[in-house]
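Every number for a ligand or one of its atoms is a count from 1 in the order of the listing. What you see is a predicted model; the values in this text were computed from it and never measured.
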Amino acid sequence: MGTLKGMSMEWTGDTLILIDQRYIPVEELYVECKTFEEAAVGIKDMIVRGAPAIGATAGFGYTLGSFQFETLTKKDYMDKMKEVKEVLAATRPTAVNLFWALDRMEKKMNDVIKNNDLKEVSKILEKEALLIAEEDIKINKEMGKNGAELLKDGDTVLTHCNAGALATVDYGTALGVIRAAIESGKNIKVYADETRPYLQGARLTVWELMQDNIDTTLISDNMAGWVMKQGKINAVIVGADRIAANGDTANKIGTYSVSILAKKHGIPMYIAAPLSTIDLNTPTGEEIPIEERSHNEVRFCHKSKMVLDNVKVFNPAFDVTPNELITAIITEKGVVKPPFKENLRKLFED
Ligand SMILES: CSC[C@H]1O[C@H](OP(=O)(O)O)[C@H](O)[C@@H]1O
């Protein structure tokens, strides 16, 4: 049995431990997942969130399912593992990493089940889930180095949502670029959008960056345009949940607005994402499923105890930034520039 520990999750050999991101920064609580159902709840309820972290969680969730059913006959096991994949796949629709990880785990299971007993199959699946998680950290560091070359000493970067170590197994995608630039000796400051309604920016990005002593200024989402106009921002770097074949990118709600503001102010708009977030099977952003979450995430209890419990609400959790508003897509294989349709496909050709 292998083990692994990152900022967002820990694998102990038979348990997936998730930091409960719903309570950060007020409390650091942890949730133990010992079944695939518990891992599924972890994703659906956003105990863990962020496209690569969701993918890694799905890998370990699939492994937990195998542990649960390895005493069955192979036929019954295969039927149960189909259900495991369906339950995990139904948790959240937008981040393609979830489906990429589940397809990879299912393929591994199908490749080895003929010539191995089910206990051996479970061990092989655990190794594959660990590989997904270990690769994620390595990929983020490679991506970070690639993106760091785009930043100059003294730059200030605007971030939106959290694409950091908490959104991955560790190190982060967009925040990985910032970490890599600082590790290379560059002085980088961050303006972090709070990112209503779930406040991943205010709660998670600020918490992460302050732990690394990175100079961070928190702003409300409606301040982004004004700080750009005042010349305070040199680049925008965000993560992604799904990049379509033409470069249209689904990311946290509000990213589209930020990309229009960046265009208006001549500020480069960078997406940082691993190849597992690029979905060549989705032609354009029009085909990306956009998750709608609970309206209660928008209703809020203010100090004044104001609860907007009877107001109509619309809560799309993501939006799509058209490729023409994206300067470049930073990946572990290099920085991809337009034309995205042609250049994204090339990433998968060798
Ligand atoms: C490194 S991908 C992070 C990506 O995921 C976030 O969405 P959520 O917090 O709802 O899982 C957001 O879109 C981030 O950019």
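Residues meeting the side-chain contact (heavy atoms from CB on, under 4.5 Å) test with Lys44, sequence neighbours left out: Thr91. Residues forming a ring pair (Phe, Tyr, Trp, His ring centres under 6.0 Å) with Trp100 (at least two apart in sequence, or on another chain): none. Shown here are the side-chain contact (heavy atoms from CB on, under 4.5 Å) partners of Ile253, two or more places apart in sequence or in another chain: Pro197, Pro316, Asp319.
Each of Gln200, Arg49, Arg203 was compared with Asn162 under the side chain to side chain donor-acceptor pair (under 3.5 Å) criterion, and only Arg49 meets it.
Separation of atoms OG1 (Thr57) and CG (Leu18) is listed at 5.0 Å; rounding is to 0.5 Å.
For ligand 1, the protein residues placed under 4.0 Å by at least one non-hydrogen atom are Met46, Arg49, Gly50, Ala51, Pro52, Arg92, Cys161, Asn162, Ala163, Ala167, Thr173, Gln200, Gly239, Ala240, Asp241, Asn251, Lys252, Phe318.
Side chains of Gln68 and Lys80 form no contact here, defined as non-hydrogen atoms less than 4.5 Å apart.
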